[in-house]
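When reading the values below, keep in mind they use all heavy atoms of this one structure, side chains included, and skip hydrogens, waters and symmetry mates. Sequence lines set the chain letters: A, B, ... in the order given, protein chains first and strands last, and positions in each chain run from 1.
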There are 2 protein chains.
Amino acid sequence: MRPTKNAPAPSAAEHKAAILRDNRRVTSYDVALVAGVSQSAVSRCFKPGASVSKDTFKRVMEAASSLEYIPNAAARSLITRRSNMVAVIISNAANLFYPEALSELSKQLARRGKRVLLFTLNRESELDGVMNDVWQYQVDGVIAAATLSEAQVAEFERRRVPLVVFNRNLRGQAANTVACDQYEAGRALASRLAAAGHRVFGIIDGAQDNAVASERRRGVCERLAELMLPEPLIVRGNFDYTSGKLGLREIIARSNGRVPDAVICGTDVMAIGCLDCARHELGLNVPEQLSVAGFDAVEASEWLSYNLTTLRHPMQQMAAAAADLLHNLIDNPGGAAEKRMFAPHFIEGATARLAPLASVSLAA
Amino acid sequence: MRPTKNAPAPSAAEHKAAILRDNRRVTSYDVALVAGVSQSAVSRCFKPGASVSKDTFKRVMEAASSLEYIPNAAARSLITRRSNMVAVIISNAANLFYPEALSELSKQLARRGKRVLLFTLNRESELDGVMNDVWQYQVDGVIAAATLSEAQVAEFERRRVPLVVFNRNLRGQAANTVACDQYEAGRALASRLAAAGHRVFGIIDGAQDNAVASERRRGVCERLAELMLPEPLIVRGNFDYTSGKLGLREIIARSNGRVPDAVICGTDVMAIGCLDCARHELGLNVPEQLSVAGFDAVEASEWLSYNLTTLRHPMQQMAAAAADLLHNLIDNPGGAAEKRMFAPHFIEGATARLAPLASVSLAA
DNA sequence: TTGTAGGCGTTATCAG
DNA sequence: CTGATAACGCCTACAA
């Protein structure tokens, strides 16, 4: 089906009819035929900054638009080794809690000419299976909001696929990273609450295998230990509202009915559940009788009904940083791993008592 | 770089080293060379249901795994005309409000062997530009959560790219559709509230060009008109919490300080903003002094602090239906357009008075 | 069952 | 600036 040298250039319309009849796709050869130039000339016209004469360019573009020709990215990527696709690996849970992460990543990457190929995980343990899929698609790079093993990171290196680990700090691993220091966030929150005189703490932890929540818990616990405060009672949650509600009930039940001074929840959504349970089910005054705090500063945490004490996780900045970092890695592979860490920002809110009790300050 | 016929089969290890040195990718030729078979034999081993002998299969798989060979999807798609990618076009706003849509679409499509290539819109008017990108990637189909013009739908047909319009009912257009009847939802809500004796309505509408919100508004308004109730006061919102708060203030201000009987908000998030404003800023009792209702039944609408009167939008079922419909269209193109419409489900909640006032019922 | 050979649609190289 | 020609990595008749 290559254009015959000696045949006259057909009109765009009749050539298009022929293509339709043969059930073919419109290719650069078709455009070349109609425009009366070589196929390579067509190719050059679609490459920014290539050297083509004004006249050729015009004829090619006319032919292309009348045939509705669009270059085939699969064919292009075969030879350029650039697919202009970036894989984003994220758990469904994370996407539900931080939809702005994916939105922002997509927006930032699109700005850099890359599209997001989405790989969602039901559990992080599915990561291995998903990685095998990722390789097939010849993505230019990967942003993974998941906890990778050393072996997994090593495979990225072997395959020379640029990787940015997002929202996870892989301890001791030399992987490019954009994250927020969750451990410090935990410590900061514990410090503030302890300074206000809270002594008996409960923690509603995240799901079992989640690294973000466990870093936060670790930060809280280590800081409390440093301050010689009693060990907090930890119950497991699974990030959702209901587990926040149930978590508070469990903490109280396991404390023989005593309400702790403060409950720290692994995420805002659980904190909101905890708060609603305290106020609406148990009739507790927050923060007078119980302080409740979370992490993330999701939108709902600012709503008037909650006004939650929490730590902001600068998701949008992080997404922008990840897109930027990955983009650099793609253009400029190799080099030492870069870690861009963001500091969490404390939001006072109104669900935790942050000043020492009057009786305590009188002692000064 | 094709394997030389007469050369002895190299060991996997040394061949791999050679590949690494040349900075090439591992191809099926490499596997063939190590396994001592032809390239086509390798190809067949990776095609389910092809005819290969047990022995060949084993040798190929061994060679493949020791070389860490993975087929190149771009090359495959070039010849099979299947990329196993599906484009999902969704506005950032929609993704932020209904993250479960994208999560569920991704999950359902993955189950069918397709991956989501994500195209996010900042405004629906960007659709045209994005479509041009979509064509390049040779996706097998498109799920578009956007309002398409007739010309745009026509282009899908011309290019023979299967299209499912998601969460939009394109009136009078023969496009495959999965949606929830927003107009009916509006009517249903208006009916319930009117039956309970509400007479003075305010509406906080969605953003200007949004079809979902305007269908809802149309449903409400037409039903109120049928019931001979006064025309509602409509103010514009932009879907977020703040615009719900401001919307209520604007309604009251434009009513010379009078609070309406009920405010219907285009989405739950705005309804929550409206509710918080009513309770916490204006000190109104809801639903005694004011009824507030929304649409969607997002997660937060169920939280104890809100317990919103709303209409459930079965997002997950819709996503599953869209994935299913698109998958069928890909395997089986052509045919009449199919519309799968879902009925909204009324959620009573506690923010709207749904029974007639006692004094009114006495009149009977 | 296996190998040969041609093609998918593009970009890159290199003479003219 | 332009046009041949050779890749890119794989699939698929077709012949053996």
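Side-chain contact, B:Ser77 with B:Arg82: no donor N or O sits under 3.5 Å from an acceptor N or O. Counted by atom type alone, A:Arg160 and B:Asn23 present one or more donor-acceptor pairs between their side chains at under 3.5 Å. Counted by atom type alone, A:Ser106 and A:Ser103 present zero donor-acceptor pairs between their side chains at under 3.5 Å.
In this structure, B:Glu338 pairs ionically with B:Arg340, as a charged nitrogen and a carboxylate oxygen lie closer than 4.0 Å. Between A:Asp30 and A:Arg24 a salt bridge is recorded (basic side-chain N to carboxylate O distance below 4.0 Å). Ionic pairing of B:Arg168 and B:Glu124 is present here: one or more N-O contacts between side-chain nitrogen and carboxylate oxygen are shorter than 4.0 angstrom. Electrostatic pairing of A:Lys107 and A:Glu100 does not count as a salt bridge here, judged by no charged N lying under 4.0 Å from a carboxylate O.
Rounding to whole angstrom units, CG of residue B:Asn23 and C1' of D:dC8 are separated by 14 Å. Atom CG of B:Asp22 and atom C1' of D:dC8 are 15 Å apart (whole Å). Rounding to whole angstrom units, CG of residue B:Leu33 and P of D:dG9 are separated by 15 Å. Atoms CD (B:Gln138) and P (D:dG9) sit 19 Å apart, rounded to a whole Å.
Regarding contacts with the backbone of D:dC10, every side-chain N or O of B:Ser43 stays at 4.0 angstrom or more from both OP1 and OP2. Using a 4.0 Å cut-off, some side-chain N or O of A:Arg25 falls inside it from OP1 or OP2 of C:dG9. Taking side-chain N and O atoms only, B:Ser38 has a distance below 4.0 Å to OP1 or OP2 of C:dG3.
Backbone-only engagement by A:Thr27 is indicated by non-hydrogen atom pairs under 4.0 Å involving sugar-phosphate atoms exclusively.
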Would A:Glu68 and B:Glu155 count as a side chain to side chain contact (heavy atoms under 4.5 Å, CB included) if you check the C-alpha gap in whole Å, the side-chain angles of each, and the deciding distance to 0.1 Å?
CA-CA 10 Å; A:Glu68 298 194 277; B:Glu155 188 168 3; 3.9 Å; yes
B:Asp324/B:Arg112 under salt bridge (charged side-chain N to carboxylate O under 4.0 Å, His left out): CA gap, chis, key distance, verdict
CA-CA 9 Å; B:Asp324 180 63; B:Arg112 295 167 173 81; 3.6 Å; yes
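Heavy-atom distances under 4.0 Å link DNA chain C to B:Ser51, B:Val52, B:Ser53, B:Thr56 of residues 45-56 of chain B, given in residue order. A heavy-atom distance below 4.0 Å to DNA chain C is reached by these residues of residues 59-85 of chain B, ordered by number: B:Leu78, B:Ile79, B:Arg81.
Under the 3.5 Å distance criterion, the side-chain polar atoms of B:Thr80 are matched with a main-chain donor or acceptor of B:Arg76.
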Please list, for nucleotides 14-16 of chain D, all pairs of protein and nucleotide N/O atoms separated by less than 3.5 Å.
none

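If you look at B:Trp135 and A:Tyr69, their ring centroids are not closer than 6.0 Å.
With hydrogens and angles ignored, no donor-acceptor pair closer than 3.5 Å exists between the side chain of B:Ser40 and the base of C:dA5. Contact annotation: side chain of B:Gln39 to base of D:dC11, donor-acceptor pair present below 3.5 Å.
The residue among A:Val26 and B:Phe57 whose nearest nucleotide of DNA chain C lies closer to the 5′ end is B:Phe57.
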